[in-house]
Amino acid sequence: MEKILIDSNGSLLKAGQKQAGSILKLLGNPIELDKAFTLRSFFGMIRQYPELKNISEILDSLLEIISKNDSVGNKINDIESLVFYKTIEIRGFPGKPELTLYNSLKGVTRDKTGDLKFFQPEALLDHTLTLGKLKHIIFGDREDIFEYETVYTLFELVEGVAWELSFNFNPLQCSIRR
């Protein structure tokens, strides 16, 4: 399948051409993000292609939340950027083998990743968002993690980011201050 570039405005480009109309046929295509792609770009894509809201019930609520504070400059000083990545975890020795594959959206600070659950989505809008390597965890040993280049689809990005941000619904007034 042909790779889709998602530019910093959230437009989907296939072979350099901006896609219009129904984009459901592109959900399984591999994606690449523009170097200037941000969380704001992600929501711009959802606004441009409203069909994508059908992937997750949470997207309408997230759009409503960020529209209330959609000014430029929404960054958290504690975070340098955001990374979206896959993890494959193998467990079951001894015992019944189990394989789990999941997506994560994390904040990056000095090459370390951290949870975003205490940050409001609107406060993360202007952080760049990149696609990370697949992390391979064997037998639950988080000290021995292997990393591999991998492919992400449009569906994985939309569903994964929506799922991860669904845990970030604390109003600004209720945020924990350090």
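We count residues from 1, following the sequence as given.
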Notebook entry, point to check: So, the side chain of Tyr49 versus the backbone of Leu24: is there a donor-acceptor pair under 3.5 Å, distance only?
Noted result: no
Next item on the list: Please tell me if the side chains of Glu51 and Ile23 come closer than 4.5 Å, counting only heavy atoms from C-beta onward.
Entry: yes
Check: Salt bridge check: are Glu156 and Lys86 linked by an N-O gap of less than 4.0 Å?
Finding: yes
Next item on the list: Measure the shortest side-chain to side-chain distance between Ile6 and Leu154 over non-hydrogen atoms and say whether it is less than 4.5 angstrom.
Entry: yes
Item checked: Gap between atom CZ of Phe84 and atom CG of Leu129 - 0.5 Å precision -> 8.5 Å
Notebook entry, point to check: Quick one: does Tyr102's side chain have a donor or acceptor within less than 3.5 Å of a partner on Glu89's backbone?
Noted result: no
Note to self: Can a donor-acceptor pair be found, under 3.5 Å and without considering hydrogens, that links the side chain of Glu147 to the backbone of His136?
What the structure shows: no
Check: Rounded to the nearest 0.5 Å, what separation is found between the OG atom of Ser61 and the CD1 atom of Ile66?
Finding: 12.0 Å
Notebook entry, point to check: Got a second to check how far Phe37's CZ is from Leu82's CG, nearest 0.5 Å?
Noted result: 10.5 Å
Check: Would you call Leu39 and Leu165 a side-chain contact if the rule is heavy atoms closer than 4.5 Å?
Finding: yes
Item checked: Donor-acceptor contact below 3.5 Å, side chain Asn103 vs main chain Gly160 -> no
Margin query: So that I can tick it off, tell me whether Asp126 and Arg40 are bridged by a salt bridge, with the cut-off set at under 4.0 angstrom between side-chain N and carboxylate O.
Written below: yes
Next item on the list: Run the salt-bridge test on Glu122 and Lys68 with the 4.0 Å N-O cut-off and return the result as yes or no.
Entry: no
Check: In Å, rounded to the nearest 0.5 Å, how long is the span from CG of Asp7 to OG of Ser41?
Finding: 7.5 Å
Next item on the list: Ignoring hydrogens and angles, tell me if any N or O in the side chain of Ser81 forms a donor-acceptor pair with the backbone of Thr128 under 3.5 Å.
Entry: no
Checklist line | Co-membership, hydrophobic cluster, residues Leu26 and Leu131, 4.5 Å side-chain | finding: yes
Check: Are the side chain of Asp34 and the backbone N or O of Ala36 linked by a donor-acceptor pair below 3.5 Å?
Finding: yes
Margin query: Quick one about Ser104 and Glu164 (side-chain donor to acceptor, distance below 3.5 Å, no hydrogens or angles considered), yes or no?
Written below: no
Notebook entry, point to check: Side chains of Met45 and Leu52: does their closest heavy-atom pair fall under 4.5 Å?
Noted result: yes
Notebook entry, point to check: Among the clusters formed by ILVMFWY side chains lying less than 4.5 Å apart, do Leu5 and Leu33 turn up in the same one?
Noted result: no
Item checked: Non-hydrogen atoms of Phe43 and Leu125 that approach each other most closely -> CD1-CD2, 3.8 Å
Item checked: Atom of Ala15, atom of Glu2 and distance for their closest heavy-atom approach -> CB-OE2, 3.1 Å
Next item on the list: Show the numbers, then the answer: is there a side-chain contact (heavy atoms from CB on, under 4.5 Å) between Trp163 and Ile58?
Entry: CA-CA 8 Å; Trp163 171 257; Ile58 202 76; over 6 Å; no
Notebook entry, point to check: What do the steps show when you test Ile79 against Leu124 for side-chain contact (heavy atoms from CB on, under 4.5 Å), and what is the final call?
Noted result: CA-CA 9 Å; Ile79 298 173; Leu124 302 169; 3.9 Å; yes
Next item on the list: Apply side-chain contact (heavy atoms from CB on, under 4.5 Å) to the pair Leu99 and Ile88, showing each step before the final yes or no.
Entry: CA-CA 7 Å; Leu99 178 80; Ile88 186 169; 3.5 Å; yes
Notebook entry, point to check: If you measure from NZ on Lys75 to NE2 on His127, what distance do you get to the nearest 0.5 Å?
Noted result: 6.5 Å
Note to self: Could you report the tightest heavy-atom contact between Thr150 and Gly132, atom names first, then the distance?
What the structure shows: CG2-O, 4.1 Å
Note to self: For a 4.5 angstrom cut-off between non-hydrogen side-chain atoms, does Leu13 reach Gln19?
What the structure shows: no
Check: What heavy-atom pair brings Val158 and Phe42 nearest, and what distance separates the two atoms?
Finding: CA-CE1, 3.8 Å
Notebook entry, point to check: Measuring from Glu159:CD to Thr153:OG1, what's the distance to the nearest 0.5 Å?
Noted result: 9.5 Å
Checklist line | Residue pair Glu32 / Lys3: nearest heavy atoms and the distance that separates them | finding: OE1-CD, 3.4 Å
Item checked: Under 3.5 Å donor-acceptor, Gln48 side chain and Asn9 backbone -> yes
Notebook entry, point to check: Looking only at atom types and distance, does a side-chain atom of Gln17 sit under 3.5 Å from a main-chain N or O of Lys14, one as donor and one as acceptor?
Noted result: no
Margin query: Does the structure place the NZ or CZ of Lys135 under 6.0 Å from the centre of the six-membered ring of Tyr85, at an angle of no more than 45° from the ring's axis?
Written below: yes
Notebook entry, point to check: Hey, what's the ring geometry for Phe146 with Tyr148, parallel, tilted or perpendicular (30° and 60° as the breaks)?
Noted result: tilted
Check: Which atoms form the tightest heavy-atom contact between Lys53 and Leu63, and what is the distance?
Finding: CD-CD1, 3.7 Å
Item checked: Atom NZ of Lys112 with >12 non-hydrogen neighbours under 6.0 angstrom -> no
